[in-house]
Amino acid sequence: MAAAGALALAMTLVGAASAPPGEAAAPDRRSVPPDTPSEDAATFLGLPAATEYRCTVSEILEPSCGVWWGASPYENRVEQLEQAADRDMDIVYTWRGIDQADIPGRRERSMAAEGKFVHTNIEARRFTRPGHPAVSYASIADGEFDEQLRSQARGIAELGVPYFVTFDHEADANRRYNKRGTPEEFVASWRHIVDLYRAEGADNAIWVWNVTGWEANLDRLPGLWPGNDYVDWISWEAYNMSTCDAQPNWTETHSFEEALRPAYDWIQTEGPAHGIDPDKPVMIGEMGTTDIGPRETLEWYSEIPDVLRRYERVRAVKMWDNELTPGCDFRIGANEYAQRGFQLAGQDPYVRLPERVRRLAEDAARRD
């Protein structure tokens, strides 16, 4: 799946575009108000807008005309989040362990059947044991979990739809960096997993390399980079944690743009020197803000679509709808202003890709 170009999946308009060669199309009999802009006229007539007509979706699910919208929902209750957000999620993040053979499980399969894109983070931890103890990268690269990994790969391959996969989300974070192994061992284990998946026919797995994106951690990224042939999307977080009791040193309020910009600029300017392709699509793997006041919290979320329009490599965003501590709560349902802001953002056409565009993604899967 890696690094293939956009498929030729342009949508076909009805009406004038459907006329036989050499013949003029019959005018549409529906009345269009005078002075209506062309894209508004298309919408009025029930046709795709011009930007939608030009939209493509690559085989790694990169849309050319907007951004996929998703979340890691609180207590895995995506239905509850969707009701609060007043829209469906395009992508849902799930969390699994390296020792779990049943990936995708019942929940992931159900969401895929509903037409959602599933993104699973496979942790270097044993989820089949109490406390989910960590395992070393070296043990993964040495093949200790090959049986489970091959089972995961076969399950994803059998699903037959594009499926986002991350290994050990936020490997650059202080609590993980050099804790489960060296950066070199992380890279070796990442490549080992990808190679196993490919050997089992899981070509529908889309590999998402996820880091924190925090400015203080950027110098760790070159050592953790698995290589362009092993990564399809680049991902990092965009948080504001001011007022969070678990982050007492976080004293300044960061807007969504201020949170995403350091890693974005680094990938674009410094990435090539480290072998990182800056043209790979970007996913904001997690985002959100703590309560920073009614108006400020609402605006933090509602401004997201306009920010995304200025950062053209970003093609997917997921919020972290969870609670770190009682004093560090990112749940949409726990804050009416966060909920309203998230609703407003999620209705923007730039992050609410129409069903016609989703069908392009389905075509990409069938034509792969």
Side-chain angles (χ1 to χ4, degrees), residues 1-3 60 94-101 103 119-129 132-157 163-214 217-237 263 266-267 270-278 280-283 285:
M1 298 285 294
I60 57 169
T94 68
W95 304 77
R96 306 296 292 277
I98 194 77
D99 60 336
Q100 291 183 295
I103 298 173
H119 182 185
T120 295
N121 173 48
I122 300 174
E123 290 272 307
R125 296 164 63 190
R126 293 182 182 270
F127 273 38
T128 61
R129 296 187 181 179
H132 299 173
V135 301
S136 70
Y137 295 145
S139 68
I140 296 169
D142 288 344
E144 183 175 338
F145 299 93
D146 281 7
E147 181 180 352
Q148 293 94 328
L149 289 167
R150 290 186 185 279
S151 176
Q152 296 169 14
R154 289 192 295 268
I156 289 174
Y163 196 103
F164 293 108
V165 182
T166 290
F167 168 64
D168 225 31
H169 162 110
E170 295 182 348
D172 63 320
N174 287 339
R175 67 183 183 281
R176 297 186 184 185
Y177 189 71
N178 275 326
K179 301 293 194 301
R180 300 174 183 178
T182 65
E184 294 78 10
E185 289 170 329
F186 169 80
V187 169
S189 58
W190 179 289
R191 292 181 176 179
H192 180 73
I193 293 169
V194 174
D195 287 340
L196 277 181
Y197 268 57
R198 289 173 176 168
E200 294 295 332
D203 295 327
N204 56 322
I206 302 170
W207 296 95
V208 183
W209 181 69
N210 179 270
V211 293
T212 65
W214 292 10
N217 294 343
L218 294 178
D219 61 351
R220 298 175 176 178
L221 302 189
L224 295 168
W225 177 245
N228 289 319
D229 291 342
Y230 287 87
V231 174
D232 297 311
W233 288 63
I234 297 172
S235 176
W236 61 85
E237 330 294 39
W266 188 92
I267 293 293
E270 303 294 329
H274 301 288
I276 301 174
D277 180 0
K280 287 187 179 292
V282 168
M283 178 184 298

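If you read the sequence from its start, that first residue is 1, and numbering goes on from there.
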Could you state the interatomic distance from [atom1] ([X]) to [atom2] ([Y]), rounded to the nearest 0.5 Å?
X: H169; Y: R176; atom1: NE2; atom2: CZ; result: 6.0 Å
X: I206; Y: F164; atom1: CD1; atom2: CZ; result: 4.5 Å
X: L149; Y: E200; atom1: CG; atom2: CD; result: 10.0 Å
X: W95; Y: H119; atom1: CH2; atom2: NE2; result: 8.5 Å
X: D172; Y: N210; atom1: CG; atom2: CG; result: 8.0 Å
X: R191; Y: L196; atom1: CZ; atom2: CG; result: 14.5 Å

Practice task
I would like to know whether V211 and L221 meet side chain to side chain contact (heavy atoms under 4.5 Å, CB included); could you show each step before the answer?
Solution key: CA-CA 8 Å; V211 293; L221 302 189; 3.7 Å; yes
Problem - Verdict with reasoning, W225 to V231, per side chain to side chain contact (heavy atoms under 4.5 Å, CB included) - result: CA-CA 9 Å; W225 177 245; V231 174; 3.7 Å; yes
Does the side chain of [Y] come within less than 4.5 Å of [X]'s, by heavy atoms?
X: Q100; Y: Q148; value: no
X: I267; Y: V282; value: no
X: P281; Y: D232; value: no

So, for [X] and [Y], which heavy atoms are closest and what is the spacing to 0.1 Å?
X: A202; Y: A153; result: CB-O, 3.5 Å
X: A124; Y: D168; result: N-OD1, 2.9 Å
X: Y137; Y: E185; result: CB-O, 3.5 Å
X: R220; Y: A173; result: NH1-C, 4.0 Å
X: A205; Y: V165; result: CB-CG2, 4.2 Å
X: P183; Y: G223; result: CB-O, 3.5 Å

Practice task
Would you check, one step at a time, whether the test salt bridge (Lys or Arg N to Asp or Glu O under 4.0 Å) holds for K179 with E170?
Solution key: CA-CA 12 Å; K179 301 293 194 301; E170 295 182 348; over 6 Å; no
Handout entry: Check: T166 side chain, V208 main-chain N or O, donor-acceptor pair, under 3.5 Å
Key =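 Flag set: sc T166 to bb V208 pair under 3.5 Å.
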Exercise for the section: Mark yes or no for whether S139, through its side chain, and E144, through its backbone, hold a donor-acceptor pair below 3.5 Å. Expected result: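 Not confirmed, S139 side chain does not pair with E144 backbone.
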Between [X] and [Y], a side-chain donor and acceptor under 3.5 Å:
X: H192; Y: D142; answer: no
X: N217; Y: T212; answer: yes
X: Y197; Y: Q152; answer: yes

Problem - W190 ring center within less than 6.0 Å of Y230 ring center - result: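 No; W190 has its ring centre 6.0 Å or more from that of Y230.
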Practice task
Measure from the ring center of F167 to the ring center of F186 and say whether it is less than 6.0 Å.
Solution key: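 Yes, they do, as the ring centres are separated by less than 6.0 Å.
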Exercise for the section: Start with the C-alpha distance between F127 and D99, add both sets of side-chain angles, then the distance that settles side chain to side chain contact (heavy atoms under 4.5 Å, CB included), and finish with yes or no. Expected result: CA-CA 7 Å; F127 273 38; D99 60 336; 3.9 Å; yes
Handout entry: Stepwise side chain to side chain contact (heavy atoms under 4.5 Å, CB included) check, I98 with I193
Key = CA-CA 10 Å; I98 194 77; I193 293 169; 4.0 Å; yes
